[in-house]
Amino acid sequence: MSCDVAVAAFMMFTSAHQAAPPAELFQAVAVAPPSVSSEPLFKDIVSRADTLKAEVEVFRKAVAGADHPMPLPGFDAFGAQISQLAVLDEQGHKLLLARGAPDDLKCILHGISQDLAVKLTAVSAAKTGKDEELALRDMSFLLRDNVEVITAPPQPAA
């Protein structure tokens, strides 16, 4: 019975003073940032990363199953192109940062610009054929990611 009294008292007090409904209801809507994939800088990044990834796949075929690191024809030019791509990724990062971009793309591009040099060093420093193949595989993944983060439809910030 004491529960009945408590519920009755609760109902009486809550119905005695009802809050007025809010004048306006605001609905939170997450908006995706605009895509940058059609902008010249980002189109250049995608094109270069795609081309370099194809070169990595050729290198990977050349070293497949080797016991020791294999000389990679044109690797010096490849390294220079990777360095140029890293500079472009960093430019993309700075451009998005200056715009106040709300998504993570600016941070991802910065990370990729740093990781490209690390992956390139890993290929050069490989002591075995297996290490070289793994380093090239990682470079391939990074270049694929470089393309996909730019070409993927933008998502609203979480």
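Between the CG atom in Leu116 and the CD atom in Gln84 there is a gap of 12.0 Å [rounded to 0.5 Å]. Note: Asp145 CG to Asp115 CG = 9.5 Å, rounded to the nearest 0.5 Å. Summarising the geometry, atom CE belonging to Met139 is positioned 9.5 Å from atom CZ belonging to Phe59; distances are rounded to the nearest 0.5 Å. The CG atom of Leu52 sits 4.5 Å away from the CD1 atom of Ile82 when rounded to the nearest 0.5 Å. Rounding to the nearest 0.5 Å gives a distance of 10.5 Å between CZ of Phe42 and CG of Asn146.
In the displayed structure, Lys53 atom NZ is contacted under 6.0 Å by more than 12 heavy atoms of other residues, nucleotides or ligands.
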key: side-chain contact (heavy atoms from CB on, under 4.5 Å) evaluation trace for Leu109 with Leu88   = CA-CA 9 Å; Leu109 290 175; Leu88 292 176; over 6 Å; no
task = Walk me through it: do Leu72 and Val63 pass the test side-chain contact (heavy atoms from CB on, under 4.5 Å)?
result = CA-CA 8 Å; Leu72 301 170; Val63 303; 3.6 Å; yes
request  = Verify side-chain contact (heavy atoms from CB on, under 4.5 Å) between Val118 and Gln114, making sure each step is shown before the conclusion.
outcome  = CA-CA 7 Å; Val118 172; Gln114 303 297 307; 5.9 Å; no
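Listed by first and then second residue, the salt bridge (charged side-chain N to carboxylate O under 4.0 Å, His left out) pairs that reach into residues 38-48 are Glu39-Arg99, Asp44-Arg48, sequence neighbours excluded. Within the structure, ring pair (Phe, Tyr, Trp, His ring centres under 6.0 Å) pairs that include any residue of residues 131-152 do not occur (at least two apart or interchain).
With sequence neighbours left out, the salt bridge (Lys or Arg N to Asp or Glu O under 4.0 Å) criterion links Arg60 to Glu57, Glu133. For Val46, the side-chain contact (heavy atoms from CB on, under 4.5 Å) partners at least two apart in sequence or on another chain are Val147, Ile150, Thr151. The side chain to side chain donor-acceptor pair (under 3.5 Å) search around Ser37 returns Ser35, not counting sequence neighbours. In this structure, Arg137 has no salt bridge (Lys or Arg N to Asp or Glu O under 4.0 Å) partners at least two apart in sequence or on a different chain. Shown here are the side chain to side chain donor-acceptor pair (under 3.5 Å) partners of Thr128, two or more places apart in sequence or in another chain: Asp131.
Placement of Leu143 and Phe75 within a single hydrophobic cluster is found when ILVMFWY residues are connected by side-chain heavy-atom separations under 4.5 Å, directly or transitively. A continuous path of Ile, Leu, Val, Met, Phe, Trp and Tyr side chains, each step under 4.5 Å between heavy atoms, connects Leu85 with Ile108, placing both in one hydrophobic cluster.
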May I have the list of side-chain donor-acceptor pairs in residues 120-127 shorter than 3.5 Å, sequence neighbours left out?
unit_1	atom_1	unit_2	atom_2	d
Thr121	OG1	Ala117	O	2.9
Ser124	OG	Leu120	O	3.3

Residues 90-98 side chain polar contacts: donor-acceptor under 3.5 Å, at least two apart:
unit_1	atom_1	unit_2	atom_2	d
Glu90	OE1	His110	ND1	2.8
Glu90	OE1	Ser113	OG	2.9
Glu90	OE2	His110	ND1	3.3
His93	ND1	Lys106	O	2.7

